[in-house]
Chemist: 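The structure's right below; bear with me while I get my questions together.
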Amino acid sequence: MVPVSRAFFARPAASVAQDLIGTILLVDGIGGLIVETEAYDHEDPASHSYAGRTARNASMFGPPGHAYVYRSYGLHWCLNFVSGVEPLGSAVLIRALQPMIGIEAMQLRRGVTAPKLLCGGPGRLSEALGVTGALDGHPLDEAPFLVLARERDVPVVCGPRIGISRATEMPWRFGLQGSAFLSRRFPDRAVPHAPARGRRCPSP
DNA sequence: CCCAAGATTGGCT
DNA sequence: GCCAATCTTGGGA
């Protein structure tokens, strides 16, 4: 398997989010298959970058291919991959993994054993992989990160994003169709979606 | 300065 | 299904 290039992230966030489904994310050798992502960009009222650059979101305005890690509700860490092209301010939130490598370590960090509860949700995923604010701004092609490109296309669905109150109509949540490791099910309306060369997810 | 809201989660009714 | 935990940010007084 081949690591993804930095150029992979220098595209619109929704494209990156879609193409990340089925790739493998490891942090210090622990991780699994990315099964759920969400895209955010600078024109998006739900995005941290919408109001411009602040101390918290500075990484979103840095070069693509780096991590943006922020604290959610003062409690949980959430991992994003900085993406997009000028004028920047885009990122992809990694919402769920199918655990594959280092499951025992994840269980220890999480304090639970059920596989679906290890990495099903952005806060859980960060805890299981040991991601904290210390990794904010860190390059994704350098240790401890390893992002491995998928070798085959996978069936992807898209739908509305979760946990936001603005721009809820934008279908910028992507998931591995049929995966048992999603943080939540997609609505039945969710559009089956061909990755890579397939059609784009409908824009608002 | 004060305060409400938030890209969440886990526990309890 | 409802709510608390916990703290940064942004908007209003």
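Residue numbers begin at 1 in each chain, while the letters A, B, ... track the order of the sequences. The structure displayed is predicted, hence computed values, not measured ones.
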Chemist: Nearest of dT9(C), dG10(B), dT8(B) to any side-chain atom of Pro122(A)?
Modeler: dT8(B)
Chemist: Nearest whole angstrom, please: distance from the P of dT8(C) to the CZ of Arg56(A).
Modeler: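 For the pair Arg56(A) CZ and dT8(C) P, the rounded distance is 11 Å.
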Chemist: Nearest-Å distance, CD (Glu36(A)) to P (dT8(B))?
Modeler: 10 Å
Chemist: Determine which nucleotide pairs with dG10(C), using a 3.5 Å limit on both distances of a Watson-Crick or G-U wobble pair.
Modeler: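 Partner of dG10(C): dC3(B).
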Chemist: Verify the neighbour count for atom CD of Glu104(A): are there more than 12 heavy atoms of other residues, nucleotides or ligands below 6.0 Å?
Modeler: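 Counting neighbours around CD of Glu104(A), 12 or fewer heavy atoms of other residues, nucleotides or ligands fall under 6.0 Å, so no.
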Chemist: Quick check for you: among dG10(B), dT8(C), dT8(B), whose closest atom lies nearest to any side-chain atom of Arg124(A)?
Modeler: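 Nearest to the side-chain atoms of Arg124(A), counting from C-beta on, is dG10(B).
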Chemist: Report yes if at least one side-chain N or O of Arg110(A) is closer than 4.0 Å to OP1 or OP2 of dG10(B); otherwise report no.
Modeler: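 Yes, because at least one side-chain N or O of Arg110(A) sits under 4.0 Å from OP1 or OP2 of dG10(B).
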Chemist: Is a donor on one side and an acceptor on the other found under 3.5 Å between the side chain of Ser83(A) and the backbone of Ala13(A)?
Modeler: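 The answer is no, because no donor-acceptor pair under 3.5 Å joins these two groups.
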Chemist: I need the OH-P distance between Tyr40(A) and dA7(B), as an integer number of Å.
Modeler: 7 Å
Chemist: For atom CZ of Arg109(A), is the number of surrounding heavy atoms from other residues, nucleotides or ligands below 6.0 Å larger than 12?
Modeler: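 Atom CZ in Arg109(A) is crowded, with more than 12 foreign heavy atoms closer than 6.0 Å.
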Chemist: Give the rounded distance in Å between these two atoms: CG of Leu117(A) and C1' of dG11(B).
Modeler: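 In whole Å, dG11(B) C1' lies 13 Å from Leu117(A) CG.
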Chemist: We want to know whether Arg95(A) and Ser183(A) form a side-chain donor-acceptor pair, criterion being a heavy-atom distance below 3.5 angstrom.
Modeler: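 Looking only at side-chain atoms, Ser183(A) and Arg95(A) do form a donor-acceptor pair, the distance falling under 3.5 Å.
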Chemist: Using a heavy-atom cut-off of under 4.0 Å over every strand shown, decide if Arg166(A) touches base, sugar-phosphate, or nothing.
Modeler: nothing
Chemist: Tell me whether the OP1 or OP2 atom of dA7(B) has a side-chain N or O from Ser47(A) closer than 4.0 Å.
Modeler: no
Chemist: Need to verify one output field. Residue with the more 5' nearest nucleotide on DNA chain B, Ser165(A) or Val112(A)?
Modeler: Ser165(A)
Chemist: Assess whether a salt bridge exists between Asp136(A) and Arg56(A), defined as any Lys/Arg side-chain N lying under 4.0 Å from an Asp/Glu carboxylate O.
Modeler: no
Chemist: What is the separation between atom CZ on Arg184(A) and atom C1' on dT9(B), rounded to the nearest whole Å?
Modeler: 13 Å
Chemist: Could you tell me the separation between the CG atom of Leu118(A) and the C1' atom of dT9(B), rounded to a whole number of Å?
Modeler: 15 Å
Chemist: Could you state the atom-to-atom distance from CG of Asn57(A) to P of dA7(B) in whole Å?
Modeler: 12 Å
Chemist: Which ones in residues 62-93 of chain A lie close to DNA chain C, meaning a heavy atom under 4.0 Å from one of its atoms?
Modeler: Tyr73(A), Gly74(A), Leu75(A)
Chemist: Between Ile162(A) (CD1) and dT9(B) (C1'), how many Å, whole number?
Modeler: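 Answer to the nearest Å: 13 Å.
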Chemist: Anything under 30° is parallel, anything over 60° is perpendicular, the rest tilted; go ahead and classify Phe145(A) against His138(A).
Modeler: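 Aromatic pair Phe145(A)/His138(A) classed tilted.
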Chemist: Can we say Asp44(A) and Arg166(A) salt-bridge, meaning some charged N sits less than 4.0 Å from an Asp/Glu carboxylate O?
Modeler: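 Judged by the 4.0 Å cut-off on N to carboxylate O distance, Asp44(A) and Arg166(A) do not form a salt bridge.
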